[in-house]
Peer 1: 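Please read through the structure below; I'll follow up with questions.
Sequence lines set the chain letters: A, B, ... in the order given, protein chains first and strands last, and positions in each chain run from 1. This is a predicted model, so every value here is computed, not measured.
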Amino acid sequence: MKIQVQTQPFDLSTEVAALYAANPKVGAVATFLGLVRDTNEGDGVATLTLEHYPGMTEKSLAKIVDEAKSRWEMLDCTVIHRVGELKPTEPIVLVAVASGHRQDAFAACAFIMDYLKTQAPFWKKELTPQGERWVEARESDDAAAARWQNKN
Amino acid sequence: MKIQVQTQPFDLSTEVAALYAANPKVGAVATFLGLVRDTNEGDGVATLTLEHYPGMTEKSLAKIVDEAKSRWEMLDCTVIHRVGELKPTEPIVLVAVASGHRQDAFAACAFIMDYLKTQAPFWKKELTPQGERWVEARESDDAAAARWQNKN
Amino acid sequence: MMRITLLYFARLREQFGTGSEVADLPAEVQTVGELVAWLRARGGNWANELAEGRAYRLAVNQDMTALTTALKDGDEVAIFPPVTGG
Amino acid sequence: MMRITLLYFARLREQFGTGSEVADLPAEVQTVGELVAWLRARGGNWANELAEGRAYRLAVNQDMTALTTALKDGDEVAIFPPVTGG
């Protein structure tokens, strides 16, 4: 299990291959890549700057991954979240889950993303033509995380 | 939308970047990678050979992708399925879906995989210590595809 | 008279000993179901693989289809086991 | 006497004009909720950002926590807006 917060880019092929290349039990890798969009709430976004809470970030991501491991068969997993200033089309976050079968891989990957969005201490500030503004939390993200409380 | 059946390997980074690098509306890419495992039904697997129905394969994959597009917001999508002889840890299939938001990307990617598993004319033959054998279809795959009939 | 192309894949291709054939259908074969019955009447592996209760799939002109589908001259009909890709 | 470290992030860091402080708490501040009330009493942006009905989150020693949590000497307490990563 690899959990990393970093400013540098990452290579998707390298990260995903690290989950399956040495483990022939892996039949499925579900991956999520989150990217900076050039528009939000109707305004142009020139840059997105990510702040985080060092220490708690890694701790909360580890808890989320542990919770996913308790619910689904996970053979390996990588979570990389970037911080600092990013531009549209740049990757922000990678969650990749390796499992024997696809249902576990998909569910665990979606679960980790939903919890990351509501539990991991990252904050986004965007630069728009109107100036800088902090991105507001979305109720739809709370709802997405809440749906895992009653099923797996 | 790119749909391809090929014997050669593919590069995950290249394929996924092609979905988002030139489109700053993409906020999410959900990816599934299916791999050859070294064991199936309790037996060791030395090689997996994939046969397909040229022409119908591409046509059925295009229909599955179109159906996904009618259900979710998809900005772009790539499906690559390999055929021929593959070894454990080698990638078999890639499904990558780009969307504005993660829920659409995840759902469309899972839907395409479930339908591919039951609708697209590919067949697997595995070489085990007991000799060659055709992989049997799994009822769980039919059930996985059927769940999309009553919801999206 | 209808002339169709028949394609077989995977286990069926192996069991039938061929991947394709061109068949001139007798007048009584008008549907996919009647085509399967006609092939089954060849006996041997044909009777065995296409027996009632065996799982196989049918496609006409590269679309999955049902036994009731009507055939027409020039159709490409494929018979194959349930698919196992992905 | 309890001495704690306070951390502020994102909008709260900007509004409070600092990212961290070390605070010696008066005897009446024993829980996270009492800490928030004590900070709110500073007035200005503190009163505004921590007002009833404003959305903020609290963590003690890097775990999300509730207002009823008891504080102890040496705790690291963080106050921040709802998170927006991913």
Peer 1: Should the pair C/D75-C/K72 be classified as a salt bridge under the 4.0 Å nitrogen-to-oxygen rule?
Peer 2: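 Salt bridge present between C/D75 and C/K72.
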Peer 1: Please identify each residue that fulfils side chain to side chain contact (heavy atoms under 4.5 Å, CB included) with B/D38, with sequence neighbours left out.
Peer 2: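 Result, side chain to side chain contact (heavy atoms under 4.5 Å, CB included) vs B/D38: A/P24, A/K25, B/P88.
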Peer 1: Does B/E136 CD have over 12 foreign heavy atoms under 6.0 Å away?
Peer 2: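 Not buried by this count: 12 neighbours or fewer within 6.0 Å.
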Peer 1: Verify the neighbour count for atom CZ of C/R54: are there more than 12 heavy atoms of other residues, nucleotides or ligands below 6.0 Å?
Peer 2: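 Yes.
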Peer 1: Got a sec, which residues hit side chain to side chain contact (heavy atoms under 4.5 Å, CB included) with C/P82, two or more places apart in sequence or on another chain?
Peer 2: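 Here the qualifying residues are B/A137, C/A55, C/R57.
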Peer 1: More than 12 non-hydrogen atoms from neighbouring residues, nucleotides or ligands closer than 6.0 Å to CD on B/E139, yes or no?
Peer 2: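 Open: at most 12 neighbouring heavy atoms sit under 6.0 Å from CD of B/E139.
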Peer 1: Residues of residues 57-70 of chain B under 4.5 Å from chain C (heavy atom pairs)?
Peer 2: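 Within residues 57-70 of chain B, the residues that come under 4.5 Å of chain C (heavy atoms only) are B/K59, B/K63.
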Peer 1: My understanding is that only residues two or more places apart in sequence, or in another chain, count here; which of them pass ring pair (Phe, Tyr, Trp, His ring centres under 6.0 Å) with C/F16?
Peer 2: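 Result, ring pair (Phe, Tyr, Trp, His ring centres under 6.0 Å) vs C/F16: C/Y8, C/W46.
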Peer 1: Answer with side chain, backbone, both or neither: which region of C/A10 has an atom nearer than 4.5 Å to a non-hydrogen atom of chain B?
Peer 2: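 Both the backbone and the side chain of C/A10 come within 4.5 Å of chain B.
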Peer 1: Go through the atoms of B/K125 and report whether side chain, backbone, both or neither lie under 4.5 Å from a heavy atom of chain C.
Peer 2: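 The answer is the side chain of B/K125.
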